[in-house]
Chemist: 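Quick one: the structure is below, questions incoming.
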Amino acid sequence: MPSILSSGQSGQVPIPEPPRVISTKDYLYLKDAMSWELLAFKKFHFYAQQAKDPEVKQHLEKAGRLHQTHYQMLLRHMQTNNAGAMAALPQTQSQQQQQQQQQQQQMQ
């Protein structure tokens, strides 16, 4: 019996662009992913420096650049103005009521 997740039949549509707001959980995932990419880049760079065969060295450097590119991409996603993005999102009625209550309390 084939798995539901096998062969790309999960039914999930890929997100065309990252969300404007990063949740705490997403932030922690991105931070971990950045650590992994940075470590991979450092290892490939180190191994490329040790390689004697020019072809092997070239492939190691290419793999290192790939991880460096991934790291930079993740870094750009994390450099968002999260507070500004949150303020620009539409608010639910309960959020609007909460905000009004806070403003009234500040006025008193």
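For the single chain, residues carry numbers from 1 onward in sequence order.
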Chemist: So among Leu38, Leu30, Thr69, which one has a side-chain contact (heavy atoms from CB on, under 4.5 Å) with Leu74?
Modeler: Leu30
Chemist: Does some side-chain heavy atom of Lys62 sit less than 4.5 Å from a side-chain heavy atom of Arg65?
Modeler: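 The answer is yes, as the side chains (C-beta and beyond) meet within the 4.5 Å cut-off.
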Chemist: Check the hydrophobic clustering (I, L, V, M, F, W, Y; side-chain heavy atoms under 4.5 Å; chains of links allowed) and say if Met34 and Tyr29 are grouped together.
Modeler: no
Chemist: If you group Ile, Leu, Val, Met, Phe, Trp and Tyr whenever their side-chain heavy atoms sit less than 4.5 Å apart, what else falls in with Phe44?
Modeler: Phe46, Tyr47, Val56, Leu60
Chemist: Apart from Val13 itself, what residues make up its hydrophobic cluster when side-chain heavy atoms of I, L, V, M, F, W and Y under 4.5 Å apart count as a link, directly or indirectly?
Modeler: none
Chemist: Looking at His45, I'd like to know if its NE2 atom is crowded, meaning that more than 12 non-hydrogen atoms belonging to other residues, nucleotides or ligands lie closer than 6.0 Å.
Modeler: no
Chemist: Mind checking whether Leu28 and Met73 sit in one hydrophobic cluster, side chains of I, L, V, M, F, W, Y counted as touching below 4.5 Å?
Modeler: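 Leu28 does not cluster with Met73.
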Chemist: How far does CG of Asp32 sit from CD of Glu37, to the nearest 0.5 angstrom?
Modeler: 12.0 Å
Chemist: Can you sort out the partners of Glu55 under side chain to side chain contact (heavy atoms under 4.5 Å, CB included), two or more places apart, ordered by chain and number?
Modeler: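 Residues passing side chain to side chain contact (heavy atoms under 4.5 Å, CB included) with Glu55: Asp53, His59.
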